[in-house]
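First the structure, in the form of structure tokens, and then the observations on it.
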Protein chains: 2
Amino acid sequence: MAKAGSTSRPTRIQREKRQAIFEAALDVFSEKGLRGATLDQIAEAAGLSKQNIVYYFNGKEAIYSELLESLLEEWVRPLRDLSADGDPLDEILTYVSRKMEMSREMPRESRLFATEILHGAPRLGNMLTEDLKTLVDEKAAVIANWMVEGRLATIDPHHLIFSIWAMTQHYADFDLQVQAVLGPVRSETRFEDAEGFIRHMLVRALHP
Amino acid sequence: MAKAGSTSRPTRIQREKRQAIFEAALDVFSEKGLRGATLDQIAEAAGLSKQNIVYYFNGKEAIYSELLESLLEEWVRPLRDLSADGDPLDEILTYVSRKMEMSREMPRESRLFATEILHGAPRLGNMLTEDLKTLVDEKAAVIANWMVEGRLATIDPHHLIFSIWAMTQHYADFDLQVQAVLGPVRSETRFEDAEGFIRHMLVRALHP
DNA sequence: TCTTTTTCTGACCGATCGTGCAGAAATACC
DNA sequence: GGTATTTCTGCACGATCGGTCAGAAAAAGA
């Protein structure tokens, strides 16, 4: 009788099935968007029945919201790991590498967040204006401090972060366009060249 | 009896109503996506009845497709206008300015194309692999030639173009996130700072 | 083994949405 | 003014989709 989403500890089956649904939902939502996706598609991708999906989650929107929520931490971790103690250029280039790695290995997550923000991010709510803003302001301050110390060229740290987001995520979100324009090129080459280009840009821009 | 979309010349009413529908559709589609948008929403935004919408277009998808088609030319014009005869850095910075202007003045169009590509671009079809690829290859060759002549630093021209797309369109597509992170800042300031940053990056990266 | 709890399914409902169509209303044409 | 054409609406159908619910099936617990 007890609902699956209750407060008590989840059973093995609950953990496995909910994980399978998340995985399937990531597939479907990242490809079709929240409204374009159907419960049937998610169910089929997860190998479950539609009613069984509803058994584990309170409807489609709940899956979507919880999925976003569950991915958020990992998504911003590279920026969180940018350390004031390291070498300035190293820290920033490492951040770029990790963002490029995510574009390569987690394009579905990238597209999911992109679509959400693109369409008004009603579900990310104050995550953006509070948590994310706080994090970015903190790291921008770190970078600004490096600039004051003369260890980096002086440019706007916020827009620096935006430009890194833009350039790296571009290769996940618009990979289709990139592939269309570049023509048949090995996937590894594509990402290696892209990362090399971005690193080159930033080295030039940030060298004091 | 003659359908509105026939081959004969359109009447004044047809031109006006179809334009009104395009305008409304741009509003709704850019905000909700193809599947999230409904004919009723478009009809209301256009000040027409749903059935009247169908009278002028062969269904929802037709509006979407024709809208994309009608915007494509204008969308790529800045790149098309990049001239081999001008000063290399001037040409590229002018391109950036025009792209930033579009992000500022045409965010709906930017989001429309972004969403379309993000979700597989089934309607842009060979527009990407043929027309766009041809155009980009042509301009990349122009830029590469400038580099051979020693008038620009040598970097990958394709990824240079991608990075300009990424950075400029970022301020249209993810404006919500940018605003959330920057906090309350005048819109003009936001775009001016962004353009200044991008120009600064590119000048540093491209100076021979 | 027997009972309890969890997990899953079949049948179904209400709402939404895209679309078709006959005919009314408005406009253009002669 | 009368006819032809275009423009618009009322009505309604069929399909899709999210969600409900009773109860079967399976698993866990005793």
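By convention in this document, chain letters (A, B, ...) are assigned in the order of the sequence lines, proteins followed by strands, and residues within each chain are numbered from 1.
A donor-acceptor pair shorter than 3.5 Å can be found between the side chains of B/Glu195 and B/Ser97.
Atom CD1 in A/Ile53 sits about 14 Å away from atom P in C/dT7, given to the nearest Å. Per the geometry, CG belonging to A/Asn52 stands 16 Å off P belonging to D/dG18, to the nearest Å. Across the protein-nucleic acid pair, A/Phe57 atom CZ and D/dG19 atom P stand 13 Å apart, rounded to whole Å. In this structure, the CD atom of B/Glu44 is 16 Å from the C1' atom of C/dC17, given to the nearest Å. Nucleotide C/dT6 holds its C1' atom 15 Å from the CZ atom of A/Arg18, rounded to whole Å. Between the CD atom of B/Glu61 and the P atom of C/dG18 there is a distance of 10 Å, rounded to whole Å. When rounded to the nearest whole Å, the span between OH of A/Tyr56 and P of C/dT6 equals 11 Å. In this structure, CD1 of A/Ile42 is placed 10 Å from P of D/dG19, rounded to the nearest angstrom.
Considering only heavy atoms from C-beta on, B/Ser70 comes within 4.5 Å of B/Leu67 through its side chain.
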TODO: Do nucleotides 20-28 of chain C as a string where each nucleotide becomes B, S or -: B if the base has a protein heavy atom under 4.0 Å, S if just the sugar-phosphate does, - if no protein is that close.
DONE: B--------
- [ ] Carefully, step by step, assess B/Asp193 and B/Leu182 under the rule side-chain contact (heavy atoms from CB on, under 4.5 Å).
- [x] CA-CA 11 Å; B/Asp193 290 353; B/Leu182 288 185; over 6 Å; no
Task: Verdict with supporting geometry, B/Arg111 and B/Asp175, side-chain contact (heavy atoms from CB on, under 4.5 Å) - done: CA-CA 10 Å; B/Arg111 292 194 186 101; B/Asp175 185 54; 3.9 Å; yes
Task: Intermediate values then yes/no, salt bridge (charged side-chain N to carboxylate O under 4.0 Å, His left out), B/Arg108 and B/Glu23 - done: CA-CA 10 Å; B/Arg108 295 175 305 172; B/Glu23 173 65 22; 2.9 Å; yes
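Not a single donor-acceptor pair under 3.5 Å links the side chain of A/Lys32 to the backbone N or O of A/Thr38. Side-chain atoms of A/Arg18 come within 3.5 Å of backbone N or O of A/Tyr56 as a donor-acceptor pair.
One finds no side-chain N or O of A/Tyr55 lying less than 4.0 angstrom from the OP1 or OP2 phosphate oxygen of C/dC8.
Residues from residues 22-37 of chain A with heavy atoms under 4.0 angstrom of DNA chain C: there are none.
Put simply, the residue from B/Thr168, B/Thr115, B/Asp173 that forms a side-chain hydrogen bond (donor to acceptor under 3.5 Å, both in side chains) with B/Ser110 is B/Asp173. Evaluated for a side-chain contact (heavy atoms from CB on, under 4.5 Å) with A/His159, the options A/Ile161, A/Asp156, A/Ile155 yield exactly one hit, A/Asp156.
With hydrogens and angles ignored, no donor-acceptor pair under 3.5 angstrom links the side chain of A/Lys60 to the base of D/dG19.
Within the nucleic acid shown, B/Lys17 comes within 4.0 Å of sugar-phosphate atoms alone, with no base atom in reach, counting heavy atoms only.
For A/Ser49, the listed nucleotide lying nearest its side chain is C/dT9; candidates were C/dG18, C/dT9, D/dC8.
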